[in-house]
2 protein chains.
Amino acid sequence: MTSNKKLIGVDLGGTTIKFAILTAEGEIQEKWSIRTNILDEGSHIVPDIIDSINHHIDLYKMSKEQFIGIGMGTPGTVDRKAGTVIGAYNLNWKTLQPVKEQIEAGTGLKFALDNDANCAGLGERWKGAGNDGDDVAFITLGTGVGGGLIANRQLLHGVGGAAGEVGHITVEPNNGYLCTCGKRGCLEQYASATGVVHLAQDFAEEYEGNSPLKKMIDDGDEITSKIVFDLAKQNDYLANQVVDKVCYYLGLAVANLSDTLNPEFVVIGGGVSAAGDFLLNRVQKYFEEFAFATVKTSTKLKLAELGNDAGVIGAASLATQFA
Amino acid sequence: MTSNKKLIGVDLGGTTIKFAILTAEGEIQEKWSIRTNILDEGSHIVPDIIDSINHHIDLYKMSKEQFIGIGMGTPGTVDRKAGTVIGAYNLNWKTLQPVKEQIEAGTGLKFALDNDANCAGLGERWKGAGNDGDDVAFITLGTGVGGGLIANRQLLHGVGGAAGEVGHITVEPNNGYLCTCGKRGCLEQYASATGVVHLAQDFAEEYEGNSPLKKMIDDGDEITSKIVFDLAKQNDYLANQVVDKVCYYLGLAVANLSDTLNPEFVVIGGGVSAAGDFLLNRVQKYFEEFAFATVKTSTKLKLAELGNDAGVIGAASLATQFA
């Protein structure tokens with residue numbers, strides 16, 4: 001693509017809506033964000049997006065003809081063909097939202113959409129740790145655990161749109177933690193920020209020795225995933241046990257995912273991944289224990305590189321189909 | 001495709017080489033097979049394939065111009081672009097075999113190749129239980145456990161060609177059976193024909209009750225996977241315990257695979273699948289226990305439908321790219 005036309009990427013979240021104008025090659029030229037107004041069943045969200053895009057195109061003295069189109073990542077269940085979203089509870093969207101129809105009418109630009117984890121995966125594949133590879137798996141460890149899987153340069157959606165639900169891979173088949181999805185032993189219950197805290201609380205109950213983490217939990221202090229990882233780095237024995245268990249489950253899931261897809265890169269992002277190489281090296285250890293020989297040598301684990309920009313970059317890439 | 005031109009499919013195995021001439025729509029018109037001559041480091045195999053194709057084209061009074069091309073499935077590690085195979089030990093192929101170059105020169109027809117499990121998966125997707133779906137996972141339970149995964153209508157190969165190595169998904173992370181691949185707890189060690197027998201022997205050691213299976217094992221009779229399933233159908237308690245464990249591991253692996261790919265169908269084939277619905281219904285039970293809600297309702301488990309023809313049909317489909 002050597003066009004001088006631009007892409008617009010939108011990353012719709014429960015707290016903020018991030019926007020970017022990018023070149024057709026995926027370089028961010030302008031970035032801004034607005035607060036998400038979820039009042040009145042989220043009915044202000046789409047009009048706010050339209051106004052903000054139109055306002056910024058004017059502000060930068062650009063014209064609609066300079067744009068290839070808009071791509072957006074959203075929470076909830078997406079119908080990509082219809083361009084609709086349903087069940088995005090953190091946006092207060094309870095009924096079907098005709099997002100594509102409204103945004104195309106309000107901006108005069110072509111519009112494509114996918115879910116937020118898929119968009120972050122597309123972003124990391126294109127301009128981040130995925131190094132523009134043909135086959136890249138992205139796992140995000142945040143409040144929950146999500147994924148975006150790319151094979152043969154295409155996102156996997158599957159027949160029901162549930163491909164890439166790596167947070168619900170069963171990593172503990174023997175009476176594992178109950179998940180919000182209704183089943184037990186899901187990766188999300190062990191490797192999300194809340195999962196790490198859950199494990200810490202359970203391990204603390206069993207632990208008899210001295211440990212700053214044990215003391216905090218016994219004192220009723222609020223524990224976060226970051227605190228657990230920070231204490232583990234300071235050689236807190238209990239915290240290290242927790243981190244090791246988190247990495248065991250992640251390594252097992254990444255290995256089984258990789259025996260299935262053999263991606264060039266498995267990119268790990270999200271808040272929990274802020275623990276960096278301390279996390280990655282331990283996940284790598286368990287990955288090597290559980291992965292098939294060819295996979296172990298050809299699939300590389302990496303930390304995400306784009307941070308919060310992954311969403312807008314990947315979303316924008318959805319619009320390259322209109323070029 | 002409405003051309004009247006034909007496809008040739010070849011399924012190269014350690015015992016026989018199967019051939020078929022098919023319409024461009026995948027209907028088999030002629031079928032034949034020859035013995036695989038693995039003498040002299042397998043150096044007769046490719047010349048035998050060339051002679052057999054040329055001979056049958058003459059026999060059916062056809063001409064080369066009536067063919068779109070040839071596709072072949074082979075054991076070993078395939079370089080699809082180069083058209084070469086290495087490490088197919090059941091063929092005595094120890095060095096790199098320039099299969100594509102030789103077959104194209106010997107037949108004057110275009111040639112494509114992939115591994116045998118991928119070809120069987122393509123066949124079942126196209127004309128079998130996969131019902132021409134966009135996203136189909138195929139698992140074959142034979143001497144080993146293999147897979148062919150199709151997403152967005154394309155085979156998954158991954159960066160090192162090891163995508164679809166579902167036989168090496170770790171289903172028993174806690175000190176599982178040692179696999180020929182070097183790691184422990186692989187699905188293949190529990191759900192292949194040899195895996196079923198291994199489980200039966202281990203369970204028999206622990207079992208104190210009466211059971212025809214127990215008696216056979218204690219008497220030193222040779223046990224097969226078929227015997228175990230047949231006895232389970234006759235309510236042999238021990239055999240049922242074995243079958244239940246096999247189905248537990250299969251259900252877990254299929255659920256995790258489906259949380260990743262959300263295929264329309266997971267098609268189960270190979271010798272062990274001859275147990276039919278007796279096997280499938282129990283795998284379904286564990287699949288439902290371990291699969292994410294959306295996946296549970298949208299991904300369907302099915303038995304393979306094409307039997308031995310899956311390989312030649314899928315192989316032939318590789319040649320549709322030349323149409």
Side-chain angles (χ1 to χ4, degrees), chain A residues 77 133-137 147 149 151-174 179 181-187 248-249 251-253 255-265 286 288-300, chain B residues 77 133-137 147 149 151-174 179 181-187 248-249 251-253 255-265 286 288-300:
Chain A
T77 301
D134 291 349
D135 303 283
V136 174
L149 307 178
N152 296 321
R153 303 187 78 85
Q154 289 185 284
L155 264 177
L156 302 183
H157 291 97
V159 67
E165 282 291 356
V166 295
H168 300 284
I169 287 178
T170 303
V171 291
E172 184 48 85
N174 303 310
C179 186
C181 80
K183 68 185 192 77
R184 290 189 173 272
C186 296
L187 177 64
Y248 162 86
Y249 286 125
L252 175 61
N256 283 345
L257 181 74
S258 298
D259 286 348
T260 304
L261 301 176
N262 189 203
E264 186 175 358
F265 303 107
Y286 287 109
E288 290 181 10
E289 182 176 333
F290 292 126
F292 183 58
T294 315
V295 170
K296 194 158 58 179
T297 52
S298 58
T299 293
K300 308 290 178 206
Chain B
T77 302
D134 292 349
D135 303 282
V136 175
L149 307 178
N152 296 321
R153 302 186 80 81
Q154 289 186 285
L155 265 176
L156 302 183
H157 290 98
V159 66
E165 282 291 356
V166 295
H168 300 285
I169 287 178
T170 302
V171 291
E172 184 47 85
N174 302 310
C179 187
C181 80
K183 68 184 193 75
R184 288 187 174 276
C186 296
L187 176 65
Y248 162 86
Y249 287 126
L252 175 61
N256 283 345
L257 181 72
S258 299
D259 286 348
T260 304
L261 300 175
N262 189 204
E264 186 174 359
F265 303 107
Y286 287 109
E288 290 181 10
E289 181 176 333
F290 293 126
F292 183 59
T294 315
V295 171
K296 196 159 59 183
T297 53
S298 57
T299 293
K300 308 291 178 206

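When reading the values below, keep in mind they use all heavy atoms of this one structure, side chains included, and skip hydrogens, waters and symmetry mates. Remember, it's a predicted structure, so these values are computed and weren't measured experimentally.
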Would you mind checking which part of [X] comes under 4.5 Å of any heavy atom in chain A, side chain (CB onward), backbone (N, CA, C, O), both or neither?
X      : answer
B/L149 : side chain
B/A291 : backbone
B/L252 : side chain
B/Y248 : side chain

With chain A, which of [options] has the greatest number of heavy-atom pairs at distances under 4.5 Å?
options                        : result
B/A151, B/P173, B/G167         : B/P173
B/V166, B/T294, B/T299, B/L261 : B/L261
B/N174, B/V171, B/I169         : B/I169

With rounding to the nearest 0.5 angstrom, report the [atom1] to [atom2] distance, [X] to [Y].
X      : Y      : atom1 : atom2 : result
A/C179 : B/F292 : SG    : CZ    : 8.0 Å
A/T260 : B/N256 : OG1   : CG    : 8.5 Å
B/K183 : A/D259 : NZ    : CG    : 5.5 Å
A/Q154 : B/Q154 : CD    : CD    : 5.5 Å

### Message
Counting heavy-atom pairs closer than 4.5 Å to chain B, which one of A/L257, A/T170, A/D135, A/V295 comes out on top?
### Response
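That would be A/T170.
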### Query
Quick check: does any side chain N or O of A/N152 sit under 3.5 Å from a backbone N or O of B/L155, one acting as donor and the other as acceptor?
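Answer holds: yes.
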### Task
Compare every heavy atom of B/N262 with every heavy atom of A/G160, then report the nearest pair and how far apart it is.
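Taking every non-hydrogen atom into account, N-OD1, 2.8 Å.
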